[in-house]
Amino acid sequence: MGSSSGDLRYELSQNAYIKLVLHSLNHLTSAVNGVLIGRISPSNDAVLIDDAVPLFHSHLGLLPQLEISLMLIEEYFSAKGLNIVGYFHANERSDDYELGGVAKNIGDHICRYFPQAAILLLDNKKLEALKKSKDRSAVTQLYVRDASKNWKLVHSEGNNRFSLREPSANLMLLDYIASEKWQGIVDFDDHLDDISKDWLNPGLFN
């Protein structure tokens, strides 16, 4: 019997985190999304998010494109012993902190692959404040499904259910933002327009 998402911890690697935030910065005026790639920890008490794939910056709710990309992503990573374990969403308006219908629907869809899937929602207020705050916590909010399959915000204060694997992740992120590294991010939209563009973003961290 595996653990339910009721008590699982979610641990986000620096590379996955930076890739997702840079993707949203590359498309400031549109909503963007991505998928979280990872595995359940050997002790079965955590979802380890090791990587991420930027999906779309237009028409986020179109199922055919989503299906194609999820299939390709799942196929590529399952060979490496990894799976799609969640969903990332950044709202179009930076003052919008609600998890909207499209995000919930795609999250539900991913739960069919991986029942303990989480949704990470970009928190622009925290991202803006990062330059001054030197905060070490993620600029995303964590949502998981409750027993009745509704998405619920997991409040970050005073709980360790969601953490960045590397304490330096925000410093690295600020570094990447300062050098405008977001300009090179390739998502599935870009790839479907021009298949020579690699959605794995192999050169991003070189």
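Residue indices begin at 1 and follow the sequence shown.
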Could you tell me the separation between the [atom1] atom of [X] and the [atom2] atom of [Y], rounded to the nearest 0.5 Å?
{"X": "L60", "Y": "I106", "atom1": "CG", "atom2": "CD1", "answer": "5.5 Å"}
{"X": "L20", "Y": "L36", "atom1": "CG", "atom2": "CG", "answer": "6.0 Å"}
{"X": "R112", "Y": "L70", "atom1": "CZ", "atom2": "CG", "answer": "10.0 Å"}
{"X": "L130", "Y": "K132", "atom1": "CG", "atom2": "NZ", "answer": "9.5 Å"}
{"X": "L25", "Y": "L122", "atom1": "CG", "atom2": "CG", "answer": "7.5 Å"}
{"X": "S24", "Y": "N26", "atom1": "OG", "atom2": "CG", "answer": "9.0 Å"}

*May I ask you to decide if the ring planes of H89 and Y87 are parallel, tilted or perpendicular, using 30° and 60° as cut-offs?*
tilted

_Parallel, tilted or perpendicular, as decided by the 30° and 60° cut-offs, for the rings of H27 and H57_ = parallel

Is the number of heavy atoms from other residues, nucleotides or ligands within 6.0 Å of [atom1] ([X]) greater than 12?
{"X": "K125", "atom1": "NZ", "result": "no"}
{"X": "Q183", "atom1": "CD", "result": "yes"}
{"X": "I195", "atom1": "CD1", "result": "no"}

*Going through the distances and angles, do V21 and L127 end up as a side chain to side chain contact (heavy atoms under 4.5 Å, CB included)?*
CA-CA 9 Å; V21 178; L127 179 57; 3.9 Å; yes

*asked:* Apply side chain to side chain contact (heavy atoms under 4.5 Å, CB included) to residues D51 and F77 and explain how you reach the verdict.
replied: CA-CA 10 Å; D51 205 345; F77 283 103; 3.8 Å; yes

*Passes side chain to side chain contact (heavy atoms under 4.5 Å, CB included), Y17 versus L173? Steps please.*
CA-CA 8 Å; Y17 176 60; L173 174 62; 4.0 Å; yes

Can you find a pair of side-chain heavy atoms, one from [X] and one from [Y], that are under 4.5 Å apart?
{"X": "Y113", "Y": "N83", "result": "no"}
{"X": "F88", "Y": "L12", "result": "no"}
{"X": "L120", "Y": "L142", "result": "yes"}
{"X": "Y76", "Y": "L200", "result": "yes"}
{"X": "F188", "Y": "I73", "result": "yes"}
{"X": "R136", "Y": "L164", "result": "no"}
{"X": "F162", "Y": "V154", "result": "no"}
{"X": "L192", "Y": "Q65", "result": "yes"}

Treating [X] as the side-chain partner and [Y] as the backbone partner, does any N or O pair qualify as donor plus acceptor under 3.5 Å?
{"X": "N33", "Y": "F56", "result": "yes"}
{"X": "D96", "Y": "N91", "result": "no"}
{"X": "E166", "Y": "Q14", "result": "yes"}
{"X": "R161", "Y": "Y10", "result": "no"}
{"X": "K152", "Y": "V144", "result": "no"}
{"X": "N201", "Y": "W199", "result": "yes"}

Over all atoms of both residues, closest heavy-atom pair of [X] and [Y]:
{"X": "F114", "Y": "I84", "value": "CB-O, 3.3 Å"}
{"X": "L55", "Y": "S69", "value": "CD2-OG, 3.7 Å"}
{"X": "P54", "Y": "I185", "value": "CG-CG2, 4.1 Å"}

Pair [X], [Y]: side-chain N/O donor-acceptor within cut-off below 3.5 Å:
{"X": "D146", "Y": "S148", "value": "yes"}
{"X": "D175", "Y": "S179", "value": "no"}
{"X": "H23", "Y": "D187", "value": "yes"}
{"X": "S137", "Y": "K126", "value": "yes"}

*asked:* I'd like to check the side-chain hydrogen bond (donor to acceptor under 3.5 Å, both in side chains) partners of D108; sequence neighbours left out, ordered by chain and number.
replied: R145, W151

*side-chain hydrogen bond (donor to acceptor under 3.5 Å, both in side chains) partners for D50, two or more places apart*: R39, R165

_Show every salt bridge (Lys or Arg N to Asp or Glu O under 4.0 Å) that has at least one partner inside residues 65-94, sequence neighbours left out._
R93-D95

*Could you go step by step and tell me if I37 and V85 meet the side chain to side chain contact (heavy atoms under 4.5 Å, CB included) rule?*
CA-CA 6 Å; I37 307 295; V85 297; 5.8 Å; no

